[in-house]
Amino acid sequence: MIPTIAAFAAKPTVMENVSFIVIGFLFVLVVLATLSIVTTIIGALCTRLIKEPEAKKPQAASISRKPEPRADGIETEGDIPEHIIALIATATHVILKGRPQKIVSIRGSSQGWAQEGRREIFSSHRVR
Amino acid sequence: MKQIEELFYQTGFFALEWRMIVMWLVAAVLLYLAVFKKFEPLLLVPIAFGALLANLPTQNMVNPPAGPILSPVSGTVIVSTVELDQKVSMPAVVHEMPNLVGQLKKKTEAEALLLDQFAKAEVQGQTLLFVVRPDRQQSFAVDPDFTEIDVTVNSVPVSIRSTDNLVWANASGSIAELEVSSGDRVVQGARLAQVHSQHTGGFFHYISLGIILELFPPLIFLGVGALTDFGPLIANPRTLLLGAAAQFGVFATYAGAMAMGIFNSSQAAAIGIIGGADGPTSIFLANSLAPELLAPIAVAAYSYMALVPVIQPPIMKALTTEKERKIRMKSLRKVSRLEKLIFALVVVIFCILLVPAASPLIGLLLLGNFLRECGVTERLSKAAQNELINIITIFLGTSVGITMTGDRFLKTETLAILGLGIVAFGIATSSGVLMAKFMNLFSKNKINPLIGSAGVSAVPMAARVSQVEGQKADSGNFLLMHAMGPNVAGVIGTALVAGYFMTVMGGGH
């Protein structure tokens, strides 16, 4: 297509202009229509891909993620050794400056370290 | 006393012209619209201020540095007015000079210009350095009323044709090297002479390179991509067709510009793209196909984008019934991050394979969007959304404004472009609305035709107009997210049309 249309004249005839407009508009319509079909297919595939693991997930998650109440009444995700619980209790005691406290539940935070790193980077310099 | 008098003559007052004063008024109107009416102020303020600077007798602002004088075409040098070591002095206010003799339509005007320059050459005060007769003659959109002019240069009679190229000095300095003389053959881009000066060129000469080298529009697209959520489009891909339909306005305006008979096909294409309502794309295409029309095209595109809430509603109401305006559309599904990432990659590969000429626009638009959606480049995405796009907007706006000199802007062509621009917007809006109505004939899930008007880009203003008009018909109807689909489809569509124009007209680099 390009070799014929690349020689478009500065003053084209009426017919050349009409074919230029018709081809151009159809080109845009066809390209975006194709893109629309492709997007619909991608959407259908992605929806199916996401639904399948989700259908399997709830059972597994309910088994592994459900916090288990321990003998001392603290809910934890999995088995946490006694000395770690003692360490957490000490840390909260220091942070709360000795105010009365009771640990009820211990849960992991996946993005904590990344957030702390980002906070440190941003607080390392002052924005003028 | 004599020194005071000389100092007085050195001030800018003596360089003032009526066209400058008229352009001050134009700049004042644009500033008024931007500041007090809040019409697209982020762009109109830099453009208007740039226009004001362009129409003051400034120094060290826009002047290019001295350098090589190159041949614009392959052909034969028929007149050389310069000698080695001759001084070249540019006037205080530099006017745009014709590149072809025939750009001056009347023989008397062309003759007067040539005779004036040849008379000045005798006292070394000319800025016309060479006349080159091209091997391949260019055609004019409007033919001049002459084909040849007979003049005498250095006592030698010369016949100058309307298709001959004029090569002007663009900076003050001295001729350090002279490579050609009358009768020599040259090829396009060959060095004719070298002008030397200690001065390095003005501030805006360098900033404007961002437009000439086509750096600013793709960088703006990077920011636009980082700001755009393609989710509504992915959730309802049918709306891509609305964005496609709105591009009909571009082609209809091209036809209108050609029918006027004062523009050639490249200029008509650059004017037509105003209908896409996409400022950076308009600038990108105008710079590529018709750089001489860049200023009026950019001003028309941005002014009409600002006027979208005024231009579109009457057309939308005229083309839809009350019942159609009340159509409530089905809620959009949630789009996953994976889908958005795949969409960005598919669009960039697909569109660039189809129209490589649009690669800078499409590539950076989707790069910006990928940065936004991938979730691991938050800082880059924020930089593109804020600092980068803001800085480029200041430079782009002022660089466009600085091209709005009186002699370029106060022309019949400018009025024609402004007229065609509004027609382009109107037709684009109508096409989008009518396409939505057409799609409703075959679809179970009805589309509210009001979102069709958002197929003109103007993100997100056109979508907001759809929302406002929808709520006027039914206060509980929320069309904004639905309208964002055709709105962003319009951005892709306009970039595709620009790529098509550049491919056909040979404007790609």
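Only a predicted model underlies this, so the values are computations on that prediction, with no experimental measurement involved. Chain identifiers are assigned alphabetically (A, B, ...) following the order of the sequence lines, protein sequences preceding nucleic acid strands; residue numbering begins at 1 within each chain.
- What you find for Ile342(B) and Cys46(A) is that their closest heavy atoms are CD1-SG, 4.0 Å.
- Phe350(B) touches chain A through its side chain: at least one heavy atom from C-beta onward sits under 4.5 Å away, while N, CA, C and O do not.
- Between chain A and the options Val355(B), Leu338(B), Asn264(B), heavy-atom pairs under 4.5 Å are most frequent for Asn264(B).
- Residue Ala245(B) comes nearest to Phe25(A) through the heavy atom pair O-CE1, 3.8 Å, listed as atom of the first residue, atom of the second, then distance.
- In terms of heavy-atom proximity, Ala489(B) sits nearest to Leu32(A) at O-CD1, 4.3 Å.
- Across all non-hydrogen atoms, the minimal contact from Ser265(B) to Ala9(A) is OG-O, 2.8 Å.
- Using a 4.5 Å cut-off between heavy atoms, Val31(A) touches chain B through backbone and side chain atoms alike.
- Note: Phe20(A) and Phe251(B) have perpendicular aromatic rings, judged against thresholds of 30 and 60 degrees for the angle between ring planes.
- Environment of CD1 in Ile95(A): sparse, with no more than 12 heavy atoms of neighbouring residues, nucleotides or ligands closer than 6.0 Å.
- In this structure the side chain of Val28(A) never reaches within 4.5 angstrom of the side chain of Phe248(B), judged on heavy atoms.
- For Met258(B) against Ala10(A), the heavy-atom pair with the smallest separation is CE-O, 4.2 Å.
- Atom CZ of Arg333(B) sits about 4.5 Å away from atom OG1 of Thr47(A), to the nearest 0.5 Å.
- Scanning all heavy atoms of the two residues, the minimum distance from Thr40(A) to Pro237(B) falls at OG1-CG, 3.5 Å.
- Side-chain atoms of Thr39(A) never come within 3.5 Å of backbone atoms of Ile234(B) as a donor-acceptor pair (strictly under, hydrogens ignored).
- Residue Ala268(B): no heavy atom, backbone or side chain, is found under 4.5 Å from chain A.
- Counting heavy-atom neighbours within 6.0 Å of Lys382(B) NZ, excluding the residue itself, gives a total of 12 or less.
- Interface summary for chain B: among Ile42(A), Leu29(A), Leu35(A), the most heavy-atom pairs under 4.5 angstrom belong to Leu35(A).
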